Amino acid sequence: MDLDLSGKHALVCGASDGIGKAAAIELALLGADVTVLARREAALQQVVAELPVVREGQVHGWRVGDDGQTQALSDTVTALAAERPIHILVNNGGGPPGGTAAEAELDAYLTAFRHHLLANQTRVQAVLPGMRAAGWGRIVNVVSTSVYEPIPNLGVSNTTRGAVAGWAKTLSRELGPSNITINNVLPGFTRTARMDHIIADRIQANGGTAETAVEAIAANIPLRRVAEAAEVAAAIAFLASPAAGYITGISLAVDGGRMQSI
Ligand SMILES: NC(=O)c1ccc[n+]([C@@H]2O[C@H](COP(=O)([O-])OP(=O)(O)OC[C@H]3O[C@@H](n4cnc5c(N)ncnc54)[C@H](OP(=O)(O)O)[C@@H]3O)[C@@H](O)[C@H]2O)c1
């Protein structure tokens with residue numbers, strides 16, 4: 001199986017922490033030159049210092065960017081792609097806050113669409129010329145299992161994720177003829193800062209401790225545990241690899257079997 005990403009340039013967003021950071025590590029292990037993007041520069045520098053170097057000449061870097069600043073984000077990614085074409089784009093960032101769909105403010109929906117749909121769109125538009133010129137491209141969006149099964153008390157997130165899934169499926173049809181694939185990875189409960197926030201919300205709503213909240217989550221997962229970020233990252237890295245060249249337009253759950261739907 002060809003997993004070699006030597007000579008490929010990957011842009012991994014939301015990579016100062018969590019799933020994004022784990023994805024950057026996996027792509028670097030497969031030989032890619034990785035640029036990590038997020039808001040906190042010091043954290044990004046630390047990630048770059050930790051990224052594996054597995055071949056001669058492999059270089060990693062960082063760019064500061066905020067998914068909420070659409071034009072600045074577009075400028076940053078366009079400039080990066082002009083310096084060196086981007087072959088692999090991992091669209092990832094922070095998840096929207098919790099709460100019901102009914103009670104969410106209109107601005108919460110607008111903000112979430114900006115952070116997810118518009119940030120993804122602006123990055124795709126910036127990297128497409130390079131991918132088309134190379135005749136090869138991989139786009140992987142980190143979304144959520146709520147694409148298939150809405151998650152209670154994540155109303156704005158559920159809504160936005162559905163939009164991202166529809167956008168990605170549409171793009172898969174448009175970009176396929178250019179040998180550019182686009183797929184979604186849907187993490188289940190994954191041990192990151194994001195999960196800590198979800199646990200805190202549950203404790204506030206239902207009481208208990210972090211330990212009992214995680215146990216309650218794990219009890220509903222066939223594999224009886226939450227995921228490690230590296231396990232989600234492995235799926236991202238596979239979809240970014242040459243081996244996944246005939247896979248496009250899918251949403252791959254990495255959820256320990258939690259979803260009920262087939
Ligand atoms: N963990 C889970 O259980 C789980 C489950 C389902 C779906 N997901 C989804 O998977 C994605 C990643 O989750 P995670 O658990 O890895 O989250 P995380 O640990 O909170 O990490 C989020 C990353 O995104 C960056 N980020 C946040 N806001 C940003 C912004 N406005 N602009 C640019 N970068 C931003 C953060 O860095 P900076 O703060 O430096 O910007 C950080 O690197 C999210 O969409 C999340 O909702 C997670």
Side-chain angles (χ1 to χ4, degrees), residues 11-26 34-48 50 62-74 76-77 90-98 111-120 122-123 140-165 168 184-202 210 213-214 217-218 220-221 225-233 235-236 251-256 258-259:
L11 172 62
V12 185
C13 304
S16 59
D17 210 347
I19 292 166
K21 176 181 175 182
I25 292 169
E26 292 300 325
V34 178
T35 301
V36 290
L37 182 146
R39 294 167 302 179
R40 290 171 296 146
E41 186 162 27
L44 290 171
Q45 285 173 324
Q46 184 59 40
V47 170
V48 169
E50 290 172 28
W62 76 90
R63 289 290 183 281
V64 174
D66 184 341
D67 293 348
Q69 305 291 327
T70 311
Q71 188 56 52
L73 184 68
S74 172
T76 299
V77 181
V90 179
N91 276 320
N92 173 60
T111 300
F113 269 72
R114 179 173 295 283
H115 280 79
H116 293 269
L117 197 65
L118 299 190
N120 289 356
T122 204
R123 285 187 288 248
V140 183
N141 310 304
V142 179
V143 198
S144 164
T145 55
S146 61
V147 163
Y148 290 124
E149 295 181 1
I151 299 170
N153 212 39
L154 282 176
V156 172
S157 179
N158 294 338
T159 308
T160 315
R161 309 302 192 171
V164 169
N184 306 316
V185 167
L186 316 181
F189 287 102
T190 308
R191 204 182 293 279
T192 67
R194 165 80 175 165
M195 199 179 90
D196 293 342
H197 292 134
I198 291 171
I199 297 285
D201 284 349
R202 288 192 179 199
V214 173
I217 288 169
N220 283 322
I221 300 171
R225 63 180 180 85
V226 300
E228 299 301 327
E231 293 176 300
V232 180
I236 296 169
S251 290
L252 175 61
V254 185
D255 69 344
R258 181 176 54 82
M259 273 198 298

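The structure displayed is predicted, hence computed values, not measured ones. The analysis underlying the following values was restricted to heavy atoms, covering all of them including side chains, and did not include hydrogens, waters or symmetry mates. In listed order, ligands and their atoms are each counted from 1.
The contact set between ligand 1 and G65, taken as ligand atoms under 4.0 Å from a residue heavy atom, comprises 32 (N), 33 (C). Per-residue contacts place A193 under 4.0 angstrom from the following atoms of ligand 1 (heavy atoms of the residue considered): 19 (O). Residue-ligand proximity, F189 to ligand 1, at heavy-atom distances under 4.0 Å covers atoms 3 (O). The ligand atoms of ligand 1 that sit less than 4.0 angstrom from a heavy atom of H115 are 31 (N). Near G95, with a cut-off below 4.0 Å to any heavy atom, the atoms of ligand 1 are 44 (C), 45 (O), 47 (O).
R258 contributes atom CZ, which lies 4.0 Å from atom OG1 of T145 (distance to the nearest 0.5 angstrom).
Nearest approach of I199 to A210, heavy atoms of both residues: CG2-CA, 3.9 Å. What you find for A253 and M259 is that their closest heavy atoms are CB-CE, 3.5 Å. For the residue pair A163 and L117, the shortest heavy atom distance occurs at O-CD1, 4.0 Å. In terms of heavy atoms, N141 sits closest to A168 at ND2-CB, 3.6 Å. Here the closest heavy-atom approach between residue A229 and residue G18 is recorded as CB-O, 4.0 Å. Heavy atoms only, all atoms of each residue included: L154 and P96 are closest at CD2-O, 4.5 Å.
Distances from atom 8 (N) of ligand 1 to the heavy atoms of V142, V143, V254, V47 show the closest one on V143. Of the options R161, R114, R40, the smallest heavy-atom separation from atom 47 (O) of ligand 1 is shown by R161. Of the listed options A233, C13, P187, P187 places a heavy atom closest to atom 6 (C) of ligand 1. Comparing heavy-atom distances from atom 31 (N) of ligand 1 across I199, D66, V185 singles out D66 as nearest. Taking all heavy atoms of R39, K21, E41, Q69 into account, the minimum distance to atom 41 (O) of ligand 1 is reached by R39. The residue from T145, D67, V64 that puts a heavy atom closest to atom 32 (N) of ligand 1 is D67. For atom 22 (C) of ligand 1, the nearest non-hydrogen atom from the set G93, S144, G188, P96 belongs to G93.
Using modelled atom types and a 3.5 Å distance limit, the side chains of E41 and W62 yield a donor-acceptor pair.
The protein non-hydrogen atom at the shortest distance from atom 23 (C) of ligand 1 is G14 O, 3.4 Å. Atom 17 (O) of ligand 1 has as its closest protein heavy atom R194 CB, 3.4 Å. Ranking protein heavy atoms by distance to atom 3 (O) of ligand 1, first place goes to T190 N, 2.8 Å. The protein atom (non-hydrogen) at minimum distance from atom 34 (N) of ligand 1 is A38 CA, 3.9 Å. Of the protein's non-hydrogen atoms, the one nearest atom 37 (O) of ligand 1 is S16 OG, 2.7 Å. What sits closest to atom 14 (P) of ligand 1 on the protein, heavy atoms only, is T192 OG1, 3.6 Å. With hydrogens left out, the protein atom closest to atom 26 (N) of ligand 1 is G94 N, 3.7 Å, a heavy atom. Regarding atom 12 (C) of ligand 1, its nearest protein heavy-atom neighbour is N92 OD1, 3.1 Å.
On a distance-only criterion, I19 and ligand 1 share at least one N/O pair closer than 3.5 Å. Geometrically, ligand 1 and H116 share no nitrogen or oxygen pair separated by less than 3.5 Å.
Remark: distances from the non-hydrogen atoms of A15 to ligand 1 include one below 4.0 Å.
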Requested in this report: Could you give me the CA-CA distance, side-chain angles and deciding distance for M195 and V214, then say whether side chain to side chain contact (heavy atoms under 4.5 Å, CB included) is met?
Outcome: CA-CA 10 Å; M195 199 179 90; V214 173; 4.2 Å; yes

Requested in this report: Would you sort out whether T35 and R63 count as a side-chain hydrogen bond (donor to acceptor under 3.5 Å, both in side chains), showing the intermediate values?
Outcome: CA-CA 7 Å; T35 301; R63 289 290 183 281; 5.8 Å; no

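Checking side-chain atoms of D66 against main-chain N and O of G68 turns up a donor-acceptor pair under 3.5 Å. Of the possible polar contacts, none joining the S74 side chain to the T70 backbone as a donor-acceptor pair under 3.5 Å is found.
With contacts defined as side-chain heavy-atom distances shorter than 4.5 Å, the pair L44/S16 qualifies.
Applying side-chain contact (heavy atoms from CB on, under 4.5 Å) to P187 and the options I236, V232, L252 leaves one that passes, V232.
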